[in-house]
Amino acid sequence: MLNRFARATVTRILEPVARFLLRLGVSPDAVTVAGTLGVVAGALLFYPRGELLWGTLFITAFVFSDNVDGIMARLSGRGGTWGAFLDSTLDRVGDAAIFAGLAAWYARGGDSVTTAALAVLCLVLGNLVSYARARAEGLGLRADVGIAERAERLVVVLVTAGFTGLLDLPATVLSVVLALLAAASAITVGQRIAMVHRQAHAAAGRPAGT
């Protein structure tokens with residue numbers, strides 16, 4: 001949802017950056033890999049030490065590479081199956097590192113097993129959201145619905161983690177947000193399953209309720 005509304009604005013802002021990198025001879029794949037390495041480094045170096053603000057700022061600086069590489073691929077005509085596969089796969093790596101970093105901190109120094117467990121739950125459900133869509137598309141179906149797509153999940157967790165570090169908020173605040181995020185992710189999985197169910201039954205010529 002957020003992706004659809006913000007994509008045009010983000011593209012206008014980042015297109016000059018994409019053009020500059022192309023002039024330097026940088027490839028879209030290189031930006032994809034570098035962006036993922038930056039996200040992973042920020043999540044696993046800062047978050048486990050409780051440096052949530054600095055970790056969030058560091059991660060945010062690299063998160064936008066996910067948009068830049070796509071713009072570069074379009075401008076250079078290098079978009080294709082490989083680039084889409086690499087981008088999607090490395091997105092999962094970055095997302096996992098963010099939630100794993102939060103879980104590592106709250107399981108130890110952050111002293112909140114509940115928050116750590118919710119971070120792991122968000123990691124698992126987030127991967128299920130992505131898998132449901134990927135599996136559906138692999139079967140020639142669509143599953144691009146849901147209230148908690150990747151962009152929404154990233155914005156929610158990064159903003160909350162950043163303010164938790166900035167204002168020294170109690171773990172309870174992040175726990176509540178992660179619980180809501182987990183619930184929204186679970187609903188999204190359900191929405192995607194329902195969408196594929198309808199399409200599969202329609203293709204077979206059977207009513208969706210059977």
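Note that these values count all heavy atoms, side chains included, but never hydrogens, waters or copies made by symmetry.
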With a cut-off of 3.5 Å and sequence neighbours excluded, list every side-chain donor-acceptor pair involving residues 187-196.
| from | atom 1 | to | atom 2 | distance (Å) |
| --- | --- | --- | --- | --- |
| T188 | OG1 | I147 | N | 3.3 |
| T188 | OG1 | A148 | N | 2.9 |
| T188 | OG1 | A184 | O | 2.9 |
| Q191 | OE1 | I147 | N | 3.2 |
| R192 | NE | A143 | O | 3.0 |
| R192 | NE | V145 | O | 2.7 |
| R192 | NH1 | V129 | O | 2.8 |
| R192 | NH2 | V145 | O | 3.3 |

Let me check something: any side-chain donor-acceptor pairs from residues 28-44 under 3.5 Å, sequence neighbours excluded? List them with distances.
| from | atom 1 | to | atom 2 | distance (Å) |
| --- | --- | --- | --- | --- |
| D29 | OD2 | W82 | NE1 | 2.8 |
| T32 | OG1 | P28 | O | 3.0 |
| T32 | OG1 | D69 | OD2 | 2.5 |
| T36 | OG1 | T32 | O | 3.0 |

I'd like a table of donor-acceptor pairs (distance under 3.5 Å, sequence neighbours excluded) in which one partner is a side-chain atom from residues 162-182, with atom names and distances.
| from | atom 1 | to | atom 2 | distance (Å) |
| --- | --- | --- | --- | --- |
| T164 | OG1 | T160 | O | 2.7 |
| S175 | OG | T115 | OG1 | 2.4 |
| S175 | OG | A171 | O | 3.1 |

List the atom pairs, with distances to 0.1 Å, where a side-chain N or O of residues 96-106 and a protein N or O form a donor-acceptor pair under 3.5 Å, not counting sequence neighbours.
none

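For the atom pair CG (N67) and CG (L14), the distance works out to 6.0 Å, reported to the nearest 0.5 Å.
Applying the ring pair (Phe, Tyr, Trp, His ring centres under 6.0 Å) test to every pair with at least one member in residues 10-52, sequence neighbours left out, gives these pairs: F46-F58. For residues 122-133, the salt bridge (Lys or Arg N to Asp or Glu O under 4.0 Å) pairs, not counting sequence neighbours, are R133-E137. For the salt bridge (Lys or Arg N to Asp or Glu O under 4.0 Å) condition, no pair includes a residue of residues 110-131, sequence neighbours left out.
Scored by the side-chain hydrogen bond (donor to acceptor under 3.5 Å, both in side chains) test, S88 finds R92 as partners (sequence neighbours excluded). For the side-chain hydrogen bond (donor to acceptor under 3.5 Å, both in side chains) test, residues two or more places apart in sequence or in another chain that qualify with R142 are D144. Partners of R153 according to the salt bridge (Lys or Arg N to Asp or Glu O under 4.0 Å) rule, which considers only residues two or more places apart in sequence or in another chain, do not exist here. In this structure D87 satisfies the salt bridge (Lys or Arg N to Asp or Glu O under 4.0 Å) test with no other residue, sequence neighbours excluded. The salt bridge (Lys or Arg N to Asp or Glu O under 4.0 Å) test applied to R74 returns E15, not counting sequence neighbours.
When all heavy atoms are compared, the tightest approach of S76 to L22 is CB-CD2, 4.0 Å.
Follow the hydrophobic side-chain contacts under 4.5 Å out from F64 and you reach L75 in the same cluster.
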